[in-house]
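Right, one structure below, let's go through it.
Residue numbers count from 1 along this sequence. Both ligands and their constituent atoms are indexed starting at 1 by order of listing. Quick caveat, the model's predicted, so the values are computed rather than measured.
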Amino acid sequence: MSRTPAYAAELRTALTRAVRGVSERDLARTTEALVSRYRSVAPASAPILASRVHVAAYAAYRMAATHAALSRILGELADRDLAPRSLLDLGGGTGAAAWAAAGAFDSLETITVLDQVEEALGLGRELVRDAASEVLAGATFARAVAGDWPQLEADLVTVSYVLSELDEAAQELLIADAMQRGRAVVVAEPGTPDGYARVLRVRSAMVAAGWTLLGPCPHASECPLVGRDWCHFAARVNRSAEHRRLKGAELSYEDEKFSWVAAARPSLVESPAGQPNSGRILRHPLKRKGFVEFQVCRPDGTAGREVVSKKAGERYRSARDAEWGDTLP
Ligand SMILES: C[S@@+](CC[C@H](N)C(=O)[O-])C[C@H]1O[C@@H](n2cnc3c(N)ncnc32)[C@H](O)[C@@H]1O
């Protein structure tokens, strides 16, 4: 969790610059309203990011966190040799997934971010304007509404923190649209029980369509956590001074909890980025003297305790470095 995503510092600087013109009082008041709106699980009947101040508040208080979560997910897929050349980000807002993808994949050549809110897209464009990454600086931000996305195709489609704003029928349609357009699809949601429930429905749709799960699940059987826990992970976010002020927070960091699922079309299965073939670590590992204890989801579809002791040599050394959310060494 201490791994800092690529471009996190650059994004923070761009965010500070972009929200400079907005009064701190307005930002703080709007942030409060957004926090309580995002706590509610009711789908939105009108765009939540309704004005320039809403968009600035979202970017200032949420974007570093969604960027951190996406960076963790996409970084793992890159480590497992997923190498998309094109990214399509549906409901991409101010572009958190675009920043994360540019940081994770050297292979990326084009980025398209689509969203219903022009103000969010405008801020997204402003943020990437001076980006060091050429592909990020050249990203397209265009207006489109769910259910009426343009007929684009991409190696990777991301749907990041969007589903909670839609009713269940619209969520299903959005995922079908994403799967129609992408060779691989990544969906991220807040790491809450209801975020996990939405991710589970996406997972079922992916498995039913014969797609291969790329993560976090090491198997395509029923999730062993259903009814007793919820699958979620955490990404560390360093808070800027403005971020701390805005949230009235003391700590210099926060941990963003997220749930996710990623899958690839059957034709991609021969690519090296197949399903993870070792367990997924579901909690902070307990690092004791001479052994490390893990809670894991296993490739055989069960979940439970695994212990790696000092006797395991190299594997034990990897286990000492392993973190919540990693695959089991
Ligand atoms: C919580 S924000 C997430 C933004 C970004 N994906 C991220 O991870 O930071 C949800 C985004 O979904 C967009 N959205 C919600 N409903 C939409 C719809 N019906 N059509 C297009 N975009 C939509 C919103 O405008 C907003 O930008």
Checklist line | Proximal atoms of ligand 1 relative to G93 (non-hydrogen, under 4.0 Å) | finding: 27 (O)
Considering only distance and modelled atom types, tabulate donor-acceptor pairs under 3.5 Å from the side chains of residues 137-152, sequence neighbours left out.
| from | atom 1 | to | atom 2 | distance (Å) |
| --- | --- | --- | --- | --- |
| R143 | NE | Q116 | O | 2.8 |
| R143 | NH2 | Q116 | O | 3.3 |

Check: G91 to ligand 1: N or O pair under 3.5 Å?
Finding: yes
Next item on the list: State plainly whether one hydrophobic cluster holds both L34 and F258, where clusters connect Ile, Leu, Val, Met, Phe, Trp and Tyr through side-chain heavy atoms under 4.5 angstrom apart.
Entry: yes
Item checked: Per-atom contacts of ligand 1 with L166, taking only distances under 4.0 Å to non-hydrogen atoms -> 16 (N), 19 (N)
Note to self: Which residue and atom name correspond to the protein heavy atom nearest atom 16 (N) of ligand 1, and how close is it?
What the structure shows: Q116 NE2, 3.3 Å
Checklist line | ligand 1 versus L114: contacting region, heavy-atom distance under 4.0 Å | finding: neither
Next item on the list: Please answer whether the main-chain N or O of A234 pairs with a side-chain N or O of R72 as donor and acceptor at a distance below 3.5 Å.
Entry: yes
Note to self: Under a 4.0 angstrom heavy-atom cut-off, which atoms of ligand 1 come close to V117?
What the structure shows: 25 (O)
Checklist line | Whether E10 side chain and A132 backbone form a donor-acceptor pair below 3.5 Å | finding: yes
Check: So, does S164 sit close enough to ligand 1 that a heavy atom of it is under 4.0 Å from the ligand?
Finding: no
Check: Hey, is ligand 1 close enough to Y58 that some N/O pair sits below 3.5 Å?
Finding: yes
Next item on the list: Tell me yes or no: between the side chains of T302 and R298, is some donor less than 3.5 Å from an acceptor?
Entry: yes
Margin query: Show me which atoms of ligand 1 lie under 4.0 Å from any heavy atom of E165.
Written below: 1 (C), 2 (S), 10 (C), 15 (C), 24 (C)
Item checked: Shared hydrophobic cluster for L166 and V202 (ILVMFWY, side-chain gaps under 4.5 Å) -> yes
Check: What atoms of ligand 1 come within less than 4.0 Å of a heavy atom belonging to A146?
Finding: 18 (C), 19 (N), 20 (N), 21 (C)
Check: Would a hydrophobic clustering, with Ile, Leu, Val, Met, Phe, Trp and Tyr connected at side-chain separations under 4.5 Å, put V187 with L173?
Finding: no
Note to self: Any atom of ligand 1 sitting under 4.0 Å from a heavy atom of G92?
What the structure shows: yes
Note to self: Between R198 and E172, does any NZ, NE, NH1 or NH2 come within less than 4.0 Å of an OD or OE carboxylate oxygen?
What the structure shows: no
Margin query: Quick check on contacts: which atoms of ligand 1 are under 4.0 angstrom from a heavy atom of W149?
Written below: 21 (C)
Margin query: Give the atom numbers and elements of ligand 1 that come within less than 4.0 Å of a heavy atom of S160.
Written below: 3 (C), 5 (C), 6 (N), 7 (C), 8 (O)
Margin query: Treating R85 as the side-chain partner and E109 as the backbone partner, does any N or O pair qualify as donor plus acceptor under 3.5 Å?
Written below: no
Next item on the list: Give the residue, atom name and distance (to 0.1 Å) of the protein heavy atom nearest atom 13 (C) of ligand 1.
Entry: D115 OD2, 3.2 Å
Next item on the list: Please assess E293 against R288 for the test salt bridge (Lys or Arg N to Asp or Glu O under 4.0 Å), listing each intermediate value before the final yes or no.
Entry: CA-CA 8 Å; E293 185 182 321; R288 305 283 193 223; 5.5 Å; no
Checklist line | Identity and separation of the nearest protein heavy atom to atom 1 (C) of ligand 1 | finding: Y161 O, 3.2 Å
Checklist line | Numbering as shown, the atoms of ligand 1 that approach A144 to under 4.0 Å (heavy-atom distance) | finding: 21 (C)
